[in-house]
Structure formats: structure tokens, C-alpha cells
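What follows is a short report on a single structure.
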Amino acid sequence: MFSFEFMQNAYLAGTLIAIVSGIMGVFVTARNMPFMTHTLSEIGFAGAAFGIFIGWTPLNGMLTFTTISSILVGELSGKVESRREAVISAISGFFIGLGILFLSLSNKNSSYATNILFGSVIGISRQDVLQMVVLSVIVLLILFVILRNLKDDSFDPVGAQTNHVHSSLISIIFLVLLAFSVSVAAQIVGSLLIFVLLTLPAASAKYFTHTVLKMMMLGIAFALFGVWFGLYLGYVTNWPVTFFIATIEAGIYAISLGYNYLPSRSE
């Protein structure tokens, strides 16, 4: 299996994606932003279509659209939590419309749309992997710099106010990091199902442990298992890798719910 370069690239890319998703997912869950993750995945499709239309790589198009949209959401929402979902819906609808337009105007066939939406293991080149390494390192470095303030703002809003944390700035930075994470991870699972890796591993981890560091480590482990085993099953069966990754992560989440449910039944 590893004699094929595309599988080497897929496992390298998948490992990076799992690490970034496992860590970012903890804060996505804590900040109650699965809807935003799903929205960015849809906007990622529009960005990839735009990239194809003007001759960029899909990844560069995704980065452009998801970054712009995340900044817009952060600026337009402000501190009004109830306004955020409406802003997200408006921006999402606009960018998805643009994506459909760019895809129809481009001279590419429907297989490109399929690759964008559902990912393509075969289509990952060594250059794509190198670009993903750079993006992943950037995300992790910035996350490390703002980690303390991000933890306060995500898990202890009262403490964040006491420590004079600039919540609006932290939110915008986090949204940009989330945009980068979505763009990176979409290479494997596609723009439609990227929220699977950015939500389910971390959501599963919180039922087994309660410290931020342990949730990150367990989230990474769950994401790695889903990606690695999903890639293997996709290789031996020739079925879509996305199907296996989504099924494995959903199964882990179901087990975590059962684990959480059993103690409450025994009391």
C-alpha cells in the first residue's frame, strides 16, 4: 500500500489533518460552533470552484473564501451572539451562490465538483502535502500563542473578562484559524463532510475526560484512528474514503454517548 506515492501523500496529509482537527475541535465544541464549521465547509466548496475558475489550485481558492468569510462573520456578529447565526446564513448563502456560478462558468467537468465536495485521495500531490504542512504549522503556532486567552474565552467567559481578554479579537483569530483548518482538511474528506473531523472526535473526547489538554490528546487519537483506518479500508475496498471516516467517527461518538449514559443509568 505504501509503495504508491498517492497513499504516502494521503497518510501524511491525513495525519496533519487529524492533529489540527483534534485540537481545533475542542474549541469548536466549547464555543458551540459546529454550525459555523459546516458553513465554512460549504464556503470552501465555493472557494475551490473560484480557484478552478481563475486557474488557482482548489486549496488556494478555499483559503481565500473561508478566510474572508470568517472575518466577515466575526466583524458583523460583534458581541451579539443572537445575530451570529443570521450573519452566518447570509454569508453562507451568498458564497454558495458564487460557488455554483464559478463552477458553471469554468470549463471543468463534473468530476472536479465531486472531488471538491467529497475529497480525492488520489488527487493529493506532494506539493499539496507541503502546502498543508505549512498551513498546519501556522495554525498550531498561532493557536499556541493565543492558547491561554482562547481557553479562558471558550471555557470561562467570566474569568476572561476578569483577565481583560479581548474576546472579539480572539474570536476573529479563532475563526481565521478555523478557516485554515477547514481548507486543509477538505483535501481528504471533502468540503461537505469536513465538519465530521472538526466536531465528532472532540465531541467524543469530552465524555471520557474533562481537562483541555486531555481532550486535545484524545480528540487527536480519535481523529487519527478514523483517518488512518478509513484510508486503509478505502484502499482495500475501493470504496470512498470519506464514507469510512464519517462512519468510524460517528461510531466512536455513539460509543462515547453509551459510555456517558451507562453511569447515569446505574445511579
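These numbers come from the heavy atoms of this one structure, side chains and all, not from hydrogens, waters or symmetry mates. Just so it is clear, the model here is predicted, and its values are computed rather than measured.
Residues Val133 and Met7 share a single hydrophobic cluster, defined by chaining ILVMFWY side chains whose heavy atoms lie under 4.5 Å apart. By the criterion of side-chain heavy atoms lying less than 4.5 angstrom apart, applied directly or through intervening Ile, Leu, Val, Met, Phe, Trp or Tyr residues, Phe144 is not grouped with Ile138; the two fall into different hydrophobic clusters. One hydrophobic cluster, built from ILVMFWY side chains closer than 4.5 Å, holds both Phe155 and Met217. Side-chain heavy atoms closer than 4.5 Å link hydrophobic residues (I, L, V, M, F, W, Y) into clusters, and following such links, even through other members, never connects Ile255 to Val196. The same ILVMFWY cluster, assembled from side-chain heavy atoms under 4.5 Å apart, contains both Ile23 and Val134.
Note that OH of Tyr232 is 10.0 Å distant from OG1 of Thr237, once rounded to the nearest 0.5 Å. The distance from the CZ atom of Phe94 to the CD1 atom of Ile43 is 10.5 Å, given to the nearest 0.5 Å. The CG atom of Asp152 lies 11.5 Å from the CD1 atom of Ile146; values are rounded to the nearest 0.5 Å. One distance of note links CD1 of Ile252 with OH of Tyr259; it measures 15.0 Å at 0.5 Å rounding. Taken from CD1 in Ile173 to CG in Leu150, the straight-line distance is 9.5 Å, to the nearest 0.5 Å. We find the CG-CG distance between Leu143 and Leu147 to be 6.0 Å, quoted to the nearest 0.5 Å.
With a 4.5 Å cut-off on side-chain heavy atoms, Leu63 and Leu135 count as touching. Two residues are said to be in side-chain contact when any heavy atoms from C-beta on lie closer than 4.5 Å; Ile71 and Leu175 fail this criterion. Side-chain atoms of Ser181 and Leu198, non-hydrogen and from C-beta on, do get closer than 4.5 Å to each other. A heavy-atom distance below 4.5 Å is found between the side chains of Met24 and Leu177. The shortest distance between side-chain heavy atoms of Arg31 and Asp153 falls below 4.5 Å. The side-chain heavy atoms of Arg148 and Asn163, taken from C-beta on, include no pair separated by under 4.5 Å. Looking at heavy atoms from C-beta onward, His164 lies out of side-chain contact with Asn149 at the 4.5 angstrom threshold. In this structure, Thr29 and Met215 have side chains that are not in contact, with every pair of non-hydrogen atoms separated by 4.5 Å or more.
Taking Phe27 as the reference, nothing meets the ring-ring contact (aromatic ring centres under 6.0 Å, His included) condition, with sequence neighbours excluded. The side chain to side chain donor-acceptor pair (under 3.5 Å) search around Thr66 returns Ser183, not counting sequence neighbours. With sequence neighbours excluded, the residues that form a side chain to side chain donor-acceptor pair (under 3.5 Å) with Ser92 are Glu42. By the side chain to side chain donor-acceptor pair (under 3.5 Å) test, Glu5 pairs with no residue at all, sequence neighbours left out. Looking at residues two or more places apart in sequence or on another chain, you find a ring-ring contact (aromatic ring centres under 6.0 Å, His included) between Phe4 and Phe6. Legend: residues meeting side chain to side chain donor-acceptor pair (under 3.5 Å) with Thr15, ordered by chain and number and at least two apart, are Trp228.
At least one donor-acceptor pair closer than 3.5 Å links the side chain of Ser70 to the backbone N or O of Thr67. The main-chain N or O of Ser256 is never found under 3.5 Å from a side-chain atom of Tyr261 such that the two would form a donor-acceptor pair. The main-chain N or O of Ala18 is never found under 3.5 Å from a side-chain atom of Ser21 such that the two would form a donor-acceptor pair.
You'll find the ring centres of Phe50 and Phe102 inside the 6.0 Å limit. Annotation: Phe229 is not in aromatic contact with Phe244 [ring centroid separation under 6.0 Å not met].
Considering every non-hydrogen atom in both Val129 and Asn9, the closest pair reads CG2-O, 3.6 Å. In this structure, Leu40 and Ser69 approach most closely via the heavy-atom pair CD2-OG, 3.5 Å. Across all their heavy atoms, Tyr253 and Ala203 have their closest contact at CE1-CB, 3.8 Å. Residue Ala205 comes nearest to Gly219 through the heavy atom pair CB-N, 3.8 Å, listed as atom of the first residue, atom of the second, then distance. When all heavy atoms of Met132 and Leu16 are compared, the closest pair comes out as C-CD1, 4.0 Å. For the pair Val26 and Gly22, the tightest heavy-atom approach, listed with the atom from each and the gap, is CG2-O, 3.5 Å.
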- Query: How far apart are the C-alpha atoms of Phe195 and Val28, what are their side-chain angles, what is the distance that settles it, and do they pass the side chain to side chain contact (heavy atoms under 4.5 Å, CB included) test?
  - Reply: CA-CA 10 Å; Phe195 64 92; Val28 169; over 6 Å; no
- Item | Steps toward side chain to side chain contact (heavy atoms under 4.5 Å, CB included) verdict (Tyr235, Leu231) | CA-CA 6 Å; Tyr235 175 78; Leu231 286 170; over 6 Å; no
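Crowding of Phe208 atom CZ: a count of heavy atoms from other residues, nucleotides or ligands under 6.0 Å exceeding 12. Within a 6.0 Å radius of OH in Tyr207, other residues, nucleotides and ligands contribute more than 12 heavy atoms.
With respect to Ile245, the side-chain contact (heavy atoms from CB on, under 4.5 Å) criterion is satisfied by exactly one of Thr242, Val241, Ile248: Val241.
Ion pairing between Lys151 and Asp156 fails under the 4.0 Å rule for side-chain N and carboxylate O.
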